[in-house]
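Written below as structure tokens is the structure these notes are about.
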Amino acid sequence: HLIQKLPNKTHIYIAHINGFDMNEMISSAKDIANLGFIPVPHIAARQIKNKQSLEDLLKAYKNESGVSEVLLIAGSTKKVYGDFDSSIDLIQTGLFDSSFKSIYFAAHPEGNKDIDASRISLKDSLGLKSNFSDITDAKVILTTQFCFDEQKILDWENLLNKDGINLPIHIGVAGPTNLASLIKHSIDCGVGPSIK
């Protein structure tokens, strides 16, 4: 297995796929932690019913799997299942103000058509996340999809700095796969112009 070749304490993200059983995700986080890695589950806003459901989910992750780091996302589904539409809605609950070591937010150097069509711009969303870093005990980090053009990432980082957004950035890289799968995954994930 590829996972056995990873260094100890490697961060392993657990995707929140629409319709996936939450108990299986919690169990996966526990398995990852037991192998000596750091589980980082996605918390997808549009797939959570309400604040109580979110609180129950976070407690289960912490108590059963020792989760101390999460990635907050809106989620790719257009349909909103409950009270939350975005990662901004999640942080406004106050449930992420303390007790987490790190909170990651998805960042999109090439833009994101879902965010571009939403009620808040990508720039404003990143500004609110930067402000959130001042009130939470957690380290707030931006993490990107993979991108095939490093200059786009550098230009994007410079724009963030000009806007006063100085959060750490973790750059995503594509995993091992064949070219056809990589292109399909690029389109599914919203990797933009650099795919050309």
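Numbers for residues simply follow the sequence, beginning at 1.
- Between Asp97 and Phe132 the shortest heavy-atom distance is OD1-CE1, 3.6 Å.
- Between Ile169 and Leu160 the shortest side-chain heavy-atom distance falls below 4.5 Å.
- At distances below 3.5 Å, not a single donor-acceptor pair connects side-chain atoms of Asp163 with backbone N or O atoms of Ile165.
- For Pro41 against Glu69, the heavy-atom pair with the smallest separation is CD-O, 3.3 Å.
- We find the CG-OG distance between Leu58 and Ser99 to be 8.0 Å, quoted to the nearest 0.5 Å.
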Verdict with reasoning, Phe100 to Lys62, per side-chain contact (heavy atoms from CB on, under 4.5 Å) | CA-CA 9 Å; Phe100 284 94; Lys62 288 177 186 176; 3.4 Å; yes
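- Taking CD1 from Ile153 and CD1 from Ile171, the interatomic distance works out to 4.5 Å, rounded to the nearest 0.5 Å.
- For the pair Asp83 and Lys49, the salt-bridge criterion is not met [side-chain N within less than 4.0 Å of a carboxylate O].
- Both Leu57 and Ile32 sit in one connected hydrophobic cluster of ILVMFWY residues. Membership requires side-chain heavy atoms under 4.5 Å apart, directly or through other members.
- Lys152 places no side-chain N or O within 3.5 Å of a backbone atom of Pro109 that could act as its donor or acceptor partner.
- Hydrophobic clustering (ILVMFWY, side-chain heavy atoms < 4.5 Å, transitive): Ile43 and Leu128 are in one cluster.
- Just one residue in the list Ile12, Asn34, Ile14 forms a side chain to side chain contact (heavy atoms under 4.5 Å, CB included) with Pro39, and that residue is Ile14.
- Between the side chains of Ser133 and Lys129, no donor N or O sits under 3.5 Å from an acceptor N or O.
- Remark: Tyr61 pairs with no residue by the side chain to side chain donor-acceptor pair (under 3.5 Å) rule, at least two apart or across chains.
- Between Ser87 and the options Ile73, Leu72, Leu71, Ile103, a side chain to side chain contact (heavy atoms under 4.5 Å, CB included) holds for only Leu72.
- Residue Phe105 holds its CZ atom at 15.5 Å from OG1 of Thr144, rounded to the nearest 0.5 Å.
- Atom CE of Met22 sits about 10.0 Å away from atom OG of Ser28, to the nearest 0.5 Å.
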Walk me through it: do Asn50 and Ser53 pass the test side-chain hydrogen bond (donor to acceptor under 3.5 Å, both in side chains)?
-> CA-CA 5 Å; Asn50 54 35; Ser53 298; 3.0 Å; yes
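- Screening Asp56, Thr93, Asp89, Leu90 for a side chain to side chain contact (heavy atoms under 4.5 Å, CB included) involving Lys51 leaves a single residue, Thr93.
- In the hydrophobic clustering of ILVMFWY residues, with side-chain heavy atoms under 4.5 Å counting as a link, Tyr13 and Leu142 come out apart.
- The heavy-atom pair separating Met25 from His42 by the smallest distance is CE-O, 4.2 Å.
- Cluster annotation: Val70 and Phe37 are assigned to the same hydrophobic cluster (Ile/Leu/Val/Met/Phe/Trp/Tyr, side-chain heavy-atom contacts under 4.5 Å, transitive).
- No single ILVMFWY cluster, assembled from side-chain heavy atoms under 4.5 Å apart, contains both Leu154 and Leu167.
- When all heavy atoms of Ala45 and Ser86 are compared, the closest pair comes out as CB-O, 3.3 Å.
- Nearest heavy-atom pair, Phe96 versus Thr136, reported as atom, atom and distance to 0.1 Å: O-OG1, 2.8 Å.
- Once rounded to the nearest 0.5 Å, the distance linking CD1 of Ile38 with NE2 of His11 reads 4.0 Å.
- Remark: side-chain polar atoms of Ser130 are not paired, donor with acceptor, to backbone N or O of Leu126 under 3.5 angstrom.
- Two residues are said to be in side-chain contact when any heavy atoms from C-beta on lie closer than 4.5 Å; Ile26 and Lys30 fail this criterion.
- Checked for salt-bridge contact, Glu55 and Lys59 meet the test: a charged N lies under 4.0 Å from a carboxylate O.
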